[in-house]
Amino acid sequence: MDQWARQQRALALLPVCLALTFSLTAVSSSYWCEGTRRVAKPLCQDRPGVLHCIHYSRGSSDNDQAVQYIWEMGDDKFVQRRFHVGLWQSCEETLGSTGENCRSFQSVIPAEEQGVLWLSIGAEVLNILLTLTSAVLLGSRVRHHSGFHWLKVDASVAILTVLAGLLAMVAHMMYTTIFQITVNLGPEDWKPQTWDYGWSYCLAWGSFALCMVASVMATSRYTAARRELADKKSGQKGSRHSPQDFQKPKASESVWETETAPSPAGCALIGVSKHLPPEAPGKVSMC
């Protein structure tokens, strides 16, 4: 029974730990949004066979002036570069190599939106701190079953996780708004041609969903524990009233109630009260 209870407590800790892991991974990564940029190819510098560059050749005109002949036309003069963006930086692949060229995302967004970006980052950090506190409380419940007031722990976890989820939701929505504004108003050397949300963005919203699940589970445990405690208290109050407290009335008192009264001629009038008809006399004379 104790082993089963420990497994139940460990299962309650699982969504909180997953939410914390998802939040930490999403905040530290730079794959919230991914896409491609259309960039003009550089000149190949008379190096035929090199990829992702504009091939040209030199010639001479009738008046001995150098002429460059470019063979690429239209979309052939451009190449698609992949990029990915996070809370902290924006990275773009480098042509002709496997490396990436990264710069701060704050330097890309418009100046009037930088305050909103810091609000989004602050909400993400608070979300992580609240989720971490919830994980510590539930972890202490798994390791030490006795000596704690677990009703207060469940109530605290329910409040902390729902606050963490709400902060995460607000932070994600603010970041989405900032990115869309930057796509429209950002610098020309950064604007993407196509973009979509990346796996970090999905992890961030997964953390929000897990926080809500953990809050519902903690609220359910708190409600069940309160109901069980109330039932135990009512049972203890009922057990205090023992059967000996209710004394059965004596047979003579339940059937006959006699009352002796003096009467003349040496006789005594005894009042008898029973379940008698209304017309029967209430007293009997005994000499």
Side-chain angles (χ1 to χ4, degrees), residues 1-29 31-32 86-88 116-176 197-241:
M1 185 65 182
D2 184 67
Q3 184 68 21
W4 181 84
R6 183 177 292 272
Q7 292 177 357
Q8 290 295 109
R9 295 192 296 273
L11 184 62
L13 180 62
L14 179 62
V16 180
C17 291
L18 285 177
L20 181 61
T21 304
F22 286 2
S23 293
L24 289 172
T25 305
V27 169
S28 60
S29 65
Y31 286 87
W32 285 62
L87 288 172
W88 309 101
V116 183
L117 175 63
W118 284 111
L119 284 177
S120 175
I121 294 175
E124 293 286 356
V125 173
L126 284 177
N127 163 41
I128 291 174
L129 291 177
L130 292 176
T131 308
L132 178 61
T133 305
S134 301
V136 170
L137 289 175
L138 288 176
S140 64
R141 179 175 183 178
V142 173
R143 296 187 61 183
H144 307 92
H145 180 58
S146 60
F148 290 86
H149 201 314
W150 298 122
L151 281 177
K152 294 182 179 179
V153 170
D154 286 333
S156 300
V157 169
I159 295 173
L160 291 175
T161 50
V162 74
L163 286 178
L166 292 176
L167 283 172
M169 180 184 67
V170 172
H172 305 344
M173 294 177 67
M174 285 193 295
Y175 179 84
T176 304
Y197 298 109
W199 57 266
S200 299
Y201 191 79
C202 298
L203 281 182
W205 280 107
S207 173
F208 159 76
L210 288 170
C211 283
M212 294 295 103
V213 170
S215 177
V216 171
M217 292 175 63
T219 305
S220 177
R221 291 194 305 270
Y222 176 80
T223 305
R226 289 284 297 183
R227 186 182 297 114
E228 182 180 358
L229 185 61
D231 292 342
K232 287 183 179 180
K233 287 184 178 180
S234 62
Q236 290 176 358
K237 288 181 180 180
S239 62
R240 292 175 185 174
H241 302 285

Item to check | Beyond-backbone contact of V162 with C211, side-chain heavy atoms, under 4.5 angstrom | outcome: no
Next on the checklist: Whether the Y197 and T176 side chains hold a donor-acceptor pair (N or O, under 3.5 Å, no angle test) is what I'd like checked.
Outcome noted: no
Next on the checklist: Please determine whether side-chain contact (heavy atoms from CB on, under 4.5 Å) holds for the pair E124 and I128, giving the CA-CA distance in whole Å, both sets of side-chain angles, and the decisive distance to 0.1 Å.
Outcome noted: CA-CA 6 Å; E124 293 286 356; I128 291 174; 5.5 Å; no
Next on the checklist: So for atom CH2, which belongs to W199, do other residues, nucleotides or ligands contribute more than 12 heavy atoms lying within a distance under 6.0 Å?
Outcome noted: yes
Checklist entry - Can you name the closest pair of heavy atoms from A158 and T219 and give their distance? => result CB-OG1, 3.5 Å
Checklist entry - Of all residues at least two apart in sequence or in a different chain, which pass the side chain to side chain donor-acceptor pair (under 3.5 Å) check with S207? => result S23
Item to check | Non-neighbouring partners of S120 that pass side chain to side chain donor-acceptor pair (under 3.5 Å), sequence neighbours left out | outcome: none
Next on the checklist: Tell me whether T161 contacts the main-chain N or O of V157 through its side chain, where contact means a donor paired with an acceptor under 3.5 Å.
Outcome noted: yes
Item to check | Y175/W32 aromatic ring centres below 6.0 Å | outcome: yes
Checklist outcome for this item: Closest non-hydrogen atoms of W88 and V27, given as atom of the first, atom of the second and distance, are NE1-O, 2.9 Å
Checklist entry - What is the minimum heavy-atom distance between I121 and L87, and which atoms define it? => result CD1-O, 4.2 Å
Checklist entry - Taking H172 for the side chain and Y201 for the main chain, is one N or O donor matched with an acceptor at less than 3.5 Å? => result no
Next on the checklist: Whether the side chain of T25 engages the backbone of F22 through a donor-acceptor N/O pair (distance < 3.5 Å, no angle test) should be reported.
Outcome noted: no
